Amino acid sequence: MDALLLLSFGGPERPEDVMPFLENVTRGRGIPPERLAEVAQHYLHFGGVSPINALNLDIIKAIEAEFASRGVDLPVYFGNRNWHPMVEETVERMRADGIRSALVFPTSAWGGYSGCLQYQEDITRARAAVTDAPDLVKLRQYFDHPLFIAAFADNIRAAVAELPADKQESARLVFTAHSIPVSADVASGPTTEEHLYSRQVAEAARLCAAATGFDDYDLVWQSRSGPPQIPWLDPDIVDHLDALAEQGVDAVVVCPVGFVSDHLEVIWDLDNEAKDRAAELGMAFARAATPGPDPRFAQLVAELVAEYRSAAAPSRLSDMTSLGCTRNGAPCAVGCCALPPRRPEVARTASEL
């Protein structure tokens, strides 16, 4: 392999980018216009600039430094699905640079359509758009990688420490991930092992809770979009805070286990909506950081690359072998990333919409 391509979702860089970006994201997916207008306001609240590209560039710098420390001679490229640098543009540049083959690291740890297969579609589309394109091999899902879990665990501990001292012992740990339509979750996974995405998220939450000594915790969802008549994974984080308050819970630690970086959905849905609701309820609130800036995240990427190059057994904490692909470059478990029956209902599991 001659290079590494970090493949991500993309985000607007200025106010005039917001609506074209959202149109790219939702093309053919049946998202109501009023939802687009609502999400556009989220971006405009932050000056029309998504933090995701800058965060990904920081991750790339960390990967390059990690490669250098290990003596790994691989240039790192950056491409997006929905905004510049578009993956097609990046693959064209890779071809011009003489890259013949590359590994692809997606900024999604998960299986299912949005977390895995859609990245495979991005790769296929980009290669089809570029004459004599390099071979591109997607690295495996990493939701249960020890470094991924360890970074989240430390971030949970740090969040607990942010709470008032008298509430730290009783605080409720709540994990969140991007909601998707129930039909999409059912469709992900082999026919005998459905709900791949939600089961992977549940396993990552279990591993993080165990690492931090929490015997009891909750897993909820956020950032749903689409027609209200379509069932999505629930409960929603804000609704769950209401339910916890009714139970007498007066402090929560929220861990966005479904997200790699503090992009718009994290800072809007959690640092604004959920935090504000907790304040209204008189509930102490602390949010754990995502693992992208942690040095262990770049180490994780380097380990995945090393696994592929040496055909080594994967480093993973879970023994649930039905939970998606287990080896780099190998096909996922049968059907684990299959396209749901009705594509317009599918949302992004690691996106900003």
Side-chain angles (χ1 to χ4, degrees), residues 1-11 13 49-81 83-85 87 90-91 93-94 97 99 102-110 115 119 122 136-159 204 208 211 255-267 287-310 312 314-317 328 350-352:
M1 291 292 175
D2 304 325
L4 177 74
L5 167 61
L6 187 141
L7 180 56
S8 193
F9 188 78
E13 303 278 4
V49 179
S50 165
I52 195 170
N53 278 349
L55 292 167
N56 282 329
L57 290 172
D58 288 343
I59 290 172
I60 287 172
K61 289 178 183 178
I63 293 170
E64 291 172 336
E66 184 65 24
F67 280 176
S69 72
R70 295 176 181 232
V72 175
D73 185 18
L74 286 180
V76 184
Y77 291 82
F78 177 33
N80 287 319
R81 176 185 304 149
W83 203 248
H84 306 285
V87 64
T90 301
V91 171
R93 182 161 64 89
M94 294 168 72
D97 290 346
I99 302 299
L103 295 171
V104 180
F105 177 80
T107 55
S108 167
W110 315 102
Y119 285 97
D122 296 337
L136 299 173
V137 177
K138 178 184 172 295
L139 292 168
R140 69 173 175 89
Q141 298 154 17
Y142 50 91
F143 69 95
D144 60 350
H145 194 286
L147 293 172
F148 189 66
I149 300 302
F152 265 125
D154 282 349
N155 292 344
I156 291 169
R157 295 186 188 98
C208 290
C255 174
V257 72
F259 302 90
V260 163
S261 297
D262 285 9
H263 57 57
L264 188 87
E265 283 180 326
V266 175
I267 60 176
R287 198 264 292 175
T290 48
D294 192 295
R296 285 168 292 193
F297 194 74
Q299 293 167 17
L300 180 158
V301 178
E303 288 198 4
L304 294 183
V305 170
E307 279 181 17
Y308 179 87
R309 286 179 146 187
S310 64
S315 178
R316 50 201 307 263
L317 292 174
N328 284 314
S351 71
E352 295 197 38

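The shown structure was predicted, so the numbers you read here are calculated from the model rather than taken from an experiment.
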Quiz prompt | Rounded distance [0.5 Å steps], CG in Asp2 versus CG in Leu103 | solution = 9.5 Å
Practice problem: Looking only at non-hydrogen atoms, find the nearest pair between Cys255 and Phe152 and report the distance. | Solution: SG-CD2, 3.6 Å
Quiz item: Mind checking whether His145 and Arg140 have side chains closer than 4.5 Å, heavy atoms only?
Solution: yes
Practice problem: Please work out which of the three classes, parallel, tilted or perpendicular, describes the rings of Phe148 and Phe297, given edges at 30° and 60°. | Solution: tilted
Quiz item: Can you tell me how far the CG atom of Asn80 sits from the CG atom of Leu6, to the nearest 0.5 Å?
Solution: 8.5 Å
Quiz item: If you measure from CG on Asn53 to NE2 on His84, what distance do you get to the nearest 0.5 Å?
Solution: 10.5 Å
Quiz item: Can you tell me how far the CH2 atom of Trp110 sits from the OH atom of Tyr119, to the nearest 0.5 Å?
Solution: 12.5 Å
Quiz item: To the nearest 0.5 Å, how far apart are CZ in Phe9 and NE2 in His263?
Solution: 8.0 Å
Practice problem: Decide yes or no for Glu307 and Leu304: does some side-chain heavy atom of the first lie under 4.5 Å from some side-chain heavy atom of the second? | Solution: yes
Give the table of side-chain donor-acceptor pairs shorter than 3.5 Å for residues 66-75, with sequence neighbours excluded, one pair per line with atom names and distance.
from	atom 1	to	atom 2	distance (Å)
Glu66	OE2	Arg70	NE	2.6
Glu66	OE2	Arg70	NH2	3.2
Ser69	OG	Glu66	O	2.7

Practice problem: Start with the C-alpha gap between Val301 and Leu4, add the side-chain angles, then the distance that decides, and say whether side-chain contact (heavy atoms from CB on, under 4.5 Å) holds. | Solution: CA-CA 10 Å; Val301 178; Leu4 177 74; 3.8 Å; yes
Quiz item: Can you find a heavy atom in the side chain of Asp262 that is under 4.5 Å from one in the side chain of Arg287?
Solution: yes
Practice problem: Taking all heavy atoms of Ala3 and all of Met94, pick out the closest pair and write down the distance. | Solution: CB-CE, 4.4 Å
Quiz item: Do you know the tightest heavy-atom contact between Ala204 and Val257?
Solution: CB-CG2, 4.0 Å
Quiz prompt | Under 3.5 Å donor-acceptor, Asp97 side chain and Ile99 backbone | solution = no
Self-check item: Side chain proximity check, Phe143 to Arg316, heavy atoms < 4.5 angstrom
Solution: yes
Quiz item: Do Leu139 and Tyr308 have side-chain heavy atoms sitting under 4.5 Å apart?
Solution: yes
Quiz item: Should Ser261 and Thr107 count as side-chain neighbours, where that means a heavy-atom distance under 4.5 Å?
Solution: no
Exercise. Taking all non-hydrogen atoms of both residues into account, name the closest pair between Pro256 and Ala288 and its distance.
Key: CD-O, 3.2 Å
Exercise. Determine whether Thr290 and Val260 make a side-chain contact, defined as any pair of heavy atoms from C-beta on separated by less than 4.5 Å.
Key: no
Distance-only donor-acceptor hits, side chain of residues 55-62, under 3.5 Å, sequence neighbours excluded:
from	atom 1	to	atom 2	distance (Å)
Asn56	ND2	Ser8	OG	3.0
Asn56	ND2	Ile52	O	3.3

Self-check item: Closest contact, heavy atoms only, Met1 versus Val137
Solution: CE-CG2, 3.6 Å
Quiz item: Below 4.5 Å, heavy atoms only, C-beta onward: do Leu5 and Val87 meet side chain to side chain?
Solution: yes
Self-check item: Euclidean distance, Arg93 CZ relative to Phe78 CZ, rounded to 0.5 Å
Solution: 11.0 Å
Self-check item: Nearest heavy atoms of Glu13 and Trp83, plus distance in Å
Solution: N-NE1, 4.4 Å
